[in-house]
Participant: 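Input: one structure, supplied below.
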Amino acid sequence: MGPAPLVRIAGLTVDFHTEDGRVRAVENLSFDIPRGGTVGLVGESGSGKSVTALTLMRLIPTPPGEISAGSIDFDGQDLLALPERQMRRIRGKRIGMIFQEPMTSLNPVYRIGEQVAEVLRQHEGLSRRAARDRTIELLDQVGLPRPKQLVDSYPHQLSGGQKQRVMIAQAMSCEPDLLIADEPTTALDVTIQKQVLDLMGELQARYGMSLLFITHDLGVIAEVASRVVVMYRSRKVEEGETAQLFRAAGHPYTRGLIACRPGLERNPRRLLTVADFMGPDEQRLDVPEERLLPQVKRTEAELEQAPVLVEVRDLRTHYPVTSGLFGRVVDHVRAVDGVSLAIRRGQTLGLVGESGCGKTTLGRSLLRLTEPTAGRVLFDGEDVTAADPEALRRLRKRMQIVFQDPYSSLNPRMTVADILFEALREYRPQASRAEHRDAASALLERVGLEPSHLGRYPHEFSGGQRQRIGIARALAVNPEFLVCDEPVSALDVSVQAQILNLLLDLQQEFGLTYLFISHDLSVVNFISDHVAVMNRGKLVEYGTAGQIYTDPQQAYTRELLAAIPRGL
């Protein structure tokens, strides 16, 4: 008989009291976390993963939350029975947590050094000077550059990957027995994700701590966890050793999660989703053979038969860096620096690179949402960069954008009907309100939503549904060209598969041309005909998807490919 687990969760049930009644967030959940081991907790948004983690930390607000049943044994103590005063001694010192979104978890008005040092002073009793010195050591341990200078920086002065490292330093400051990592790499580039995963592995080995790793990405789990717990709609539906579970998943939900992520070597013509494996009452379904047919990419010769729709010539978009009271320009940030490319009608160009490489700026510059500094953009032969306001207004009916964040790109004060009507009035100003409503209903049905959703507000929808509304808004003016700026980066893998399939269907139905911007090379490989790799404002590699992924020429491209989780 082996050693007792560090954590034993038994029969945990958590409810929330809402205006609509009691909502069960976690139901009869049981699993163990071994000493020094890693357990992966996976499932889609709303499955109960984060609520489980917050309950383990005793951070569930009561009310409206209520721990209705169960126990959490941590090294011989029932955490649910401890007084809050005793729990405060454990929380932060013996159990550390890396929260999902570092920008909202770090206080924007305090320097990062003060936020890490606060934990050390609270739990270790260190003096202000000693806590600062230890903080600098921790920032150095997590691989942050110039820790002596960075310790006095504010969160907004750091990149997403750097903020995540600060969160890790804060969680590791007291060398906890258990570290809970709640979606710590979801919004990060693949290279930064790999660095963060490697760092967490090194720290786990150094301190011998246990790790509960929460994510919806099974590719990541396959690399970090020895055991996996799968949650669906508040319940555990499967648990097992990682390798065995991925080889022969028993529950159809698990099989769907594994299958819906695009790969580099082989993809179906349309991505599989959870609905292909599991019916509404969770019965197992057999995937039709036609859904498994392999994707066939067009050859270079076939691709070149289509005419060029968008042509970019030596495009440059620079941002001035100012200094002093009067804003004297001392330098420029060269976000886009001499980019030339062409996108053919009815095809998809995938644009990949790390955050800050200039991808989004390039996409916005094509539409003149950001004014280029120099160069030309030609759309169907017409010079976008030289267009006057009236000509640009006319061109924008043919060119639209799907923004990265459906939370911030939809006006929270407008109903779905108002959001779509605004675009429809621009395209069909003579139409009546009834005609606009009919057109809006048809748009919603085309993107997989119901006409009854027209009266709802954005906050009443899930992330995937909001992204569908954003796509419907872009389609309302009947465009020919769409810039898709990281449209699936914040979505669960199963919802991501649905949106990617939808974009392919819309492209075939309406003959759309896409610039698809993403940091996820697996996604870009699935949806793209050509791929352009961008680094520090410049295009460093360009070719068909097959050429880029099978025979990359640049070291930077090879680094991006090497960073993709390949545990599956």
Participant: From Gln400 CD over to Leu482 CG, what is the distance, rounded to the nearest 0.5 angstrom?
Facilitator: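 CG of Leu482 is found 7.5 Å from CD of Gln400.
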Participant: To check you understand the geometry: which heavy-atom pair defines the closest contact between Ala259 and Leu272, and what is its length?
Facilitator: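 What the structure gives for the nearest pair is CB-CD1, 4.0 Å.
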Participant: How would you list, by chain and number, every residue that makes a side-chain contact (heavy atoms from CB on, under 4.5 Å) with Arg425, sequence neighbours excluded?
Facilitator: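 Counting only residues at least two positions away or on another chain, Arg425 forms a side-chain contact (heavy atoms from CB on, under 4.5 Å) with Phe421, Glu422, His436.
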Participant: Step by step, would you call His530 with Tyr542 a ring pair (Phe, Tyr, Trp, His ring centres under 6.0 Å)?
Facilitator: CA-CA 7 Å; His530 285 95; Tyr542 182 91; 5.7 Å; yes
Participant: Taking the side chain as C-beta and beyond, is there a heavy-atom pair between Phe379 and Leu366 under 4.5 Å?
Facilitator: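 Answer no - side chains too far apart.
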Participant: Run the numbers on Asn525 and Gln295 for side-chain contact (heavy atoms from CB on, under 4.5 Å), then give the verdict.
Facilitator: CA-CA 11 Å; Asn525 178 52; Gln295 185 183 60; 5.7 Å; no
Participant: Should we count CG of Asp388 as having more than 12 external heavy atoms under 6.0 Å?
Facilitator: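 Enclosed.
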Participant: Just checking, any donor-acceptor pair under 3.5 angstrom between side chains of His519 and Glu354?
Facilitator: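 Side chains of His519 and Glu354: no pair found under 3.5 Å.
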Participant: For residues Thr557 and Glu541, is any side-chain donor paired with an opposing acceptor at under 3.5 Å?
Facilitator: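 Yes, side-chain donor-acceptor contact under 3.5 Å.
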Participant: Is it true that Arg376 and Asp314 have a side-chain N and a carboxylate O under 4.0 angstrom from each other?
Facilitator: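 No, no charged N to carboxylate O under 4.0 Å.
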Participant: Is it true that Arg433 and Glu435 have a side-chain N and a carboxylate O under 4.0 angstrom from each other?
Facilitator: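 So Arg433 does not pair with Glu435 through a salt bridge.
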Participant: Could you check whether any side-chain heavy atom of Leu29 comes within less than 4.5 Å of a side-chain heavy atom of Arg235, counting everything from C-beta outward?
Facilitator: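 In short, these two side chains do not touch, never coming nearer than 4.5 Å.
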Participant: Could you check Asp383 against Thr385 for side-chain hydrogen bond (donor to acceptor under 3.5 Å, both in side chains), going step by step and ending with a plain yes or no?
Facilitator: CA-CA 6 Å; Asp383 194 339; Thr385 44; 2.4 Å; yes
Participant: Do Phe16 and Val51 have side chains that approach each other closer than 4.5 Å (heavy atoms only, starting at C-beta)?
Facilitator: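 When only atoms from C-beta onward are counted, Val51 and Phe16 do touch, with a gap below 4.5 Å.
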Participant: May I ask you to check whether Thr348 and Gln507 show a side-chain donor-acceptor distance below 3.5 Å?
Facilitator: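 The criterion, which ignores hydrogens and geometry beyond distance, is satisfied for Gln507 and Thr348.
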Participant: Under 4.5 Å between any side-chain heavy atoms of Arg368 and Leu392, yes or no?
Facilitator: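 Yes, close enough: below the 4.5 Å cut-off.
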Participant: Using side-chain contact (heavy atoms from CB on, under 4.5 Å), reason through Ser441 and Leu454 one step at a time and then give a plain yes or no.
Facilitator: CA-CA 7 Å; Ser441 297; Leu454 282 171; 3.3 Å; yes
Participant: List for me each residue that meets salt bridge (charged side-chain N to carboxylate O under 4.0 Å, His left out) alongside Asp380, sequence neighbours excluded, and say none if there are none.
Facilitator: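 In terms of salt bridge (charged side-chain N to carboxylate O under 4.0 Å, His left out), with neighbours along the sequence ignored, Asp380 is linked to Arg345, Arg398.
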Participant: Do Ser365 and Thr317 pair up side chain to side chain, a donor and an acceptor below 3.5 Å, judged on atom types alone?
Facilitator: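 Judged by distance alone, the side chains do pair up.
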Participant: Do Met534 and Val540 have side chains that get closer than 4.5 Å, going by heavy atoms?
Facilitator: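 No; the side chains remain at least 4.5 Å from each other.
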Participant: With the threshold set at 4.0 Å, does a side-chain nitrogen-carboxylate oxygen contact exist between Arg298 and Asp529?
Facilitator: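 Looking at Arg298 and Asp529, the cut-off is met.
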Participant: Side chains of residues 300-308: which donor-acceptor pairs under 3.5 Å do they make with residues two or more places apart or in other chains?
Facilitator:
residue: Glu302; atom: OE1; partner: Thr299; partner atom: N; Å: 2.9
residue: Glu302; atom: OE1; partner: Thr299; partner atom: OG1; Å: 3.4

Participant: With a 4.0 Å cut-off on N to O distance, would you call Arg394 and Glu382 a salt bridge?
Facilitator: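 A salt bridge links Arg394 with Glu382.
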Participant: Any chance CD of Glu509 has more than 12 other-residue heavy atoms, nucleotides or ligands included, within less than 6.0 Å?
Facilitator: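 Yes, the 6.0 Å shell around CD holds more than 12 heavy atoms from other groups.
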Participant: Quick one: are Leu539 and Ser340 in side-chain contact, heavy atoms under 4.5 Å?
Facilitator: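 Not touching, per the 4.5 Å side-chain cut-off.
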Participant: Is the closest basic N to carboxylate O distance between Arg270 and Asp505 below 4.0 Å?
Facilitator: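 The answer is yes: the pair qualifies as a salt bridge.
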